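What you see is a predicted model; the values in this text were computed from it and never measured. By convention in this document, chain letters (A, B, ...) are assigned in the order of the sequence lines, proteins followed by strands, and residues within each chain are numbered from 1.
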Number of protein chains: 2
Amino acid sequence: MELHHAILATDVLLFTFRASQLWVRTITVDRPPYFVNMKGFPGGLIKPDENAEAAAIRCLREKAGILSKLFIEQLYAFSEIDRDPRGRVVSVAYLACVPWDDLSELEQVDQDATAWRRVNGLGKLAYDHNEMLNFALEWLKAKAKSTNLLSWLMPKEFTLTELQSCYEQILEVKLDKRNFRKKILQLDLLKLLAKKTAGMKNRPAQLYQFNSKKVTFSGNLI
Amino acid sequence: MELHHAILATDVLLFTFRASQLWVRTITVDRPPYFVNMKGFPGGLIKPDENAEAAAIRCLREKAGILSKLFIEQLYAFSEIDRDPRGRVVSVAYLACVPWDDLSELEQVDQDATAWRRVNGLGKLAYDHNEMLNFALEWLKAKAKSTNLLSWLMPKEFTLTELQSCYEQILEVKLDKRNFRKKILQLDLLKLLAKKTAGMKNRPAQLYQFNSKKVTFSGNLI
DNA sequence: GCAAAAGTGTTAGATATACACCCATGG
DNA sequence: CCATGGGTGTATATCTAACACTTTTGC
């Protein structure tokens, strides 16, 4: 129908939270001109019979082995002419989140081609994936401040200290414990469970869960 | 290099503010299957030697006759399979803003193929352009609340009543005059000019201008 | 009993909201 | 003098920010 202009692709930045750290799913990119174990985010071409989001979810499955239900939203379309050394490729990047304990053992484990890596200290990534990561981290900050997005990063049950730690990671600030608890509890996002942590070498902590995983504006949270 | 998958295009929603109303630049789409004066937003294919934003600016020039310097930011990539009846076209939509009095007479005037139309009451548009408009209006709301974006919609000199009216249009709320003035003045975004309106049939109004047109977070404005 | 993390309130300052009348101009 | 839109202040409620000690458990 028209002259061929650009290949259309997608990349996905999938985040999770575990052990007081933000993690992102990476793949190994060892194609020319990238060698020696360079990392990037899973992605691939968009097929004629799928929209960009469907392609993103498929790539997560095929390239990163992730099948679980997840939160996914479009981040940005990266279209710089030289962003891919192989040719003109425009990539619609997606951001996704999944609670660590929703993942199967196979999804949690690191493999040769794909692994969970801490967001801090990823180093130089392939293509323009560092730029994508910066976009994603800014986006996470904005959403963490104004929505209940963290329901897609926290495990099913968590303590307020763990939740606070997740906010602190994403917002890159230190929060006051008492003010944080007052604020988050009065927002009515959380349900108090009839359970506490056990087996720790300190005082047991009250467990909570999110009321809803529908991500909506929830006031100015933090 | 690869199988042909999708054509890559861009569309631009260019807004301005005049006579207490939000306006958007439209074009006439009378190609099959759209006839009888259907409206849409200016757009076109992305060329091999330009990124999406450059293509958007070029399309504004070629299809809508707009050459002035403007604020432009990516909105969303629309990729539904059937969004264009002519074939598989993915469109990276951009939102742009320009102050009415930056426009030349030729840019202000309506022509056969392209015109300024009030945002309210546009009716059914071609393709998925109604969806684009909804995205853009939500985006405008969010930015109006947290940045000095309106520096790209207001004329060089304006009264506080005009500025309030622009906020009210975009946010779709009615604001209290005294609270609005208190808030906006204490934010230090505006410069008081040594001028007042004249020739009106009522009391002259103080004129202001924006200190800066660099769009940045400016507190929770309104 | 000690180490480690959990849990808990108050106060002062800043911000948001609600609200009504007088002023300057043109006709 | 009247119609039109411009301009101004206060009081209350709410939210934010700063801050330190006691409790419960495992070892």
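- Atom CG in B/Leu163 sits roughly 15 Å away from atom C1' in D/dG6 (whole-Å rounding).
- Within residues 173-182 of chain A, the residues approaching DNA chain D are A/Asp176, A/Arg178, A/Asn179, A/Lys182, by heavy-atom distance under 4.0 Å.
- Summarising the geometry, the separation between CD1 on A/Ile184 and P on D/dT16 is reported as 12 Å, rounded to the nearest angstrom.
- Side-chain contact between A/Asp11 and A/Tyr94 is absent, with no heavy atoms from C-beta onward closer than 4.5 Å.
- The shortest side-chain heavy-atom distance between A/Lys156 and A/Gln209 does not fall under the 4.5 Å cut-off.
- Note: CG (B/Leu160) to P (D/dG5) measures 17 Å, nearest angstrom.
- The side chain of A/Lys201 approaches D/dG26 more closely than any other nucleotide in the set D/dG7, D/dG26, D/dT4.
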Side chain to side chain contact (heavy atoms under 4.5 Å, CB included) evaluation trace for A/Val90 with A/Phe78
CA-CA 6 Å; A/Val90 171; A/Phe78 291 84; over 6 Å; no
* Start with the C-alpha gap between A/Thr28 and A/Lys39, add the side-chain angles, then the distance that decides, and say whether side chain to side chain donor-acceptor pair (under 3.5 Å) holds. => CA-CA 5 Å; A/Thr28 302; A/Lys39 301 298 176 192; 2.9 Å; yes
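- Between A/Leu153 and A/Ile170, the closest side-chain pair of non-hydrogen atoms falls below 4.5 Å.
- Using a distance-only test at 3.5 Å, with no hydrogens or angles considered, no donor-acceptor pair links the side chain of B/Ser218 to the main chain of B/Thr147.
- Distance CD (B/Gln206) to C1' (D/dG7): 11 Å, rounded to an integer number of Å.
- Nearest approach of A/Cys97 to A/Leu149, heavy atoms of both residues: SG-CD1, 4.2 Å.
- Put simply, CG on B/Leu207 is 11 Å from P on D/dG6, counting in whole angstrom units.
- Residue-level contact check: B/Thr197 touches neither bases nor backbone, having no heavy atom under 4.0 Å from any strand.
- The pair B/Lys141-B/Glu172 meets the salt-bridge criterion, with a side-chain N (NZ, NE, NH1 or NH2) lying under 4.0 Å from an Asp/Glu carboxylate O.
- Along DNA chain C, read 5' to 3', the first and last nucleotides having any atom under 4.0 Å from a heavy atom of chain B are C/dA16 to C/dG26.
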